[in-house]
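Bear in mind that the values here come from a model prediction, so they are computed numbers and not experimental data. Just follow the structure's listing: the first ligand is 1, and inside any ligand the first atom is 1. The basis for the numbers below is simple: all heavy atoms, side chains too, and nothing from hydrogens, waters or symmetry mates.
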Amino acid sequence: MRTPTWTIVLGAALAALILGLAFMQAFGGWTRDGVLAGAAITARWAFPWFIAAWSASSLAKLWPGGWRTALLRRRRAVGLAFAANHFVHLGFVVAAVSQFGETRPLFVYLAGGGAYLMIAAMALTSNDAAQRWMGPKGWRLLHAMGGWWVLIIFANSYVARLMAKPAIAGPAVVLIVAALGLRIAAAVKGRSQAQAA
Ligand code: HEM
C-alpha cells in the first residue's frame with residue numbers, strides 16, 4: 001500500500017518538532033542556548049530530506065529501478081516533507097531572534113529569507129494543478145532555482161561550521177559533494193544517451 005503524501009509530510013514535521021523541543025529541553029530549555037540547539041537539530045533533520053529530494057532524479061537516471069525509482073516516484077512527498085521540516089527550523093530561528101536577541105548579518109536574512117520564499121513557492125506548486133497551470137518550463141525553472149538556492153545555503157552553512165562542528169559539518173559537506181557529483185554524472189549520461197539516439 002502506498003503511504004499517503006500527507007502522512008509522510010506530517011510525520012516528518014512532527015518528528016522535527018519533537019526533536020527540536022527535545023534538544024531545546026536538553027540544552028537549557030527556553031533559553032538562548034536551548035532554542036539555538038532546537039534550531040540546529042531541526043536544520044540537521046531537514047538536510048537529508050532535501051538531499052534525497054534533490055538527488056532523486058539523478059539516482060534514477062544513473063541506476064534505474066529499485067529504491068532509486070521508488071524514491072523518484074515519491075519525490076514530491078520527500079520534498080514537501082523537507083519544506084515542512086524546514087519551517088520548523090524557521091520557528092526556532094524566529095524564537096531565537098525575537099525572544100533571545102540572536103542576530104545575524106543582513107546578508108543571512110536576505111539569503112535565508114529568500115530561500116524560505118522559494119521553499120514556500122516550491123511547496124505550494126508541488127501539485128498537479130499548479131504544474132499544469134505553470135507549464136513544464138516555468139515549473140522546472142522555479143524548482144531548479146529553488147533547489148540550487150537551498151543547496152548553496154546548506155553548503156555555505158556547513159562549510160562555515162567545518163572547524164567548529166567537524167563531526168556534523170564534515171559528513172554534510174561530503175553528502176553535498178556527492179549529490180553534486182551525481183547531478184553531473186546524470187547530466188553526462190543524459191547527454192550521451194541523447195547523442196546516441
Ligand atoms: C533568515 C533565515 C535563517 C536564519 C536567521 C537562520 C538561523 C539559524 C540559527 C540561529 C541556527 C542555529 C545556531 C547555529 O548553529 O548557528 C541555524 C542553524 C542552521 N541553519 Fe539556519 N537560519 C536561516 C535559514 C536557513 C536556511 C534557509 C537553511 C538551509 C537551506 C539553513 C540551514 C542551517 C544549517 C545547516 C544550520 C546548522 C545546523 C547544525 O549545526 O548542524 N538555515 N540557523
Atom 40 (O) of ligand 1: which protein heavy atom is closest, and how many Å away?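 That would be Lys165 NZ, 2.8 Å.
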In sequence, state the C-alpha distance, the side-chain angles, and the governing distance for Gln131 and Arg76, and then conclude on side chain to side chain donor-acceptor pair (under 3.5 Å). CA-CA 12 Å; Gln131 248 170 337; Arg76 180 182 286 175; 3.1 Å; yes
Can you check whether Met122 reaches Phe82 side chain to side chain, under 4.5 Å on heavy atoms?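 The answer is no; the side chains never approach within 4.5 Å.
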In ligand 1, which numbered atoms sit nearer than 4.0 Å to a non-hydrogen atom of [X]?
X	answer
Val150	30 (C)
Ala43	19 (C), 20 (N), 33 (C), 34 (C), 36 (C), 38 (C)
Ile153	26 (C), 28 (C), 29 (C), 30 (C)
Val93	4 (C), 5 (C), 6 (C), 7 (C), 8 (C), 22 (N)

Test item: [X] side-chain N/O and [Y] main-chain N/O as donor-acceptor pair under 3.5 Å:
X	Y	value
Lys189	Leu62	yes
Trp149	Ala111	yes
Arg75	Ala56	no

Which is closest to atom 37 (C) of ligand 1 in terms of heavy atoms, His89, Arg161, Met118, Arg104?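 Ranked by closest heavy atom to atom 37 (C) of ligand 1, first place is Arg161.
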For atom 41 (O) of ligand 1, state which one of His86, Arg44, Arg32 supplies the nearest heavy atom.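 Shortest heavy-atom distance from atom 41 (O) of ligand 1: Arg44.
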Answer yes or no: does an N/O atom from Tyr116 fall short of 3.5 Å to an N/O atom of ligand 1?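 It does not: no N or O of Tyr116 is found under 3.5 Å from an N or O of ligand 1.
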Mind checking whether His86 and Phe154 have parallel, tilted or perpendicular rings, split at 30° and 60°?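 His86 vs Phe154 ring planes: tilted.
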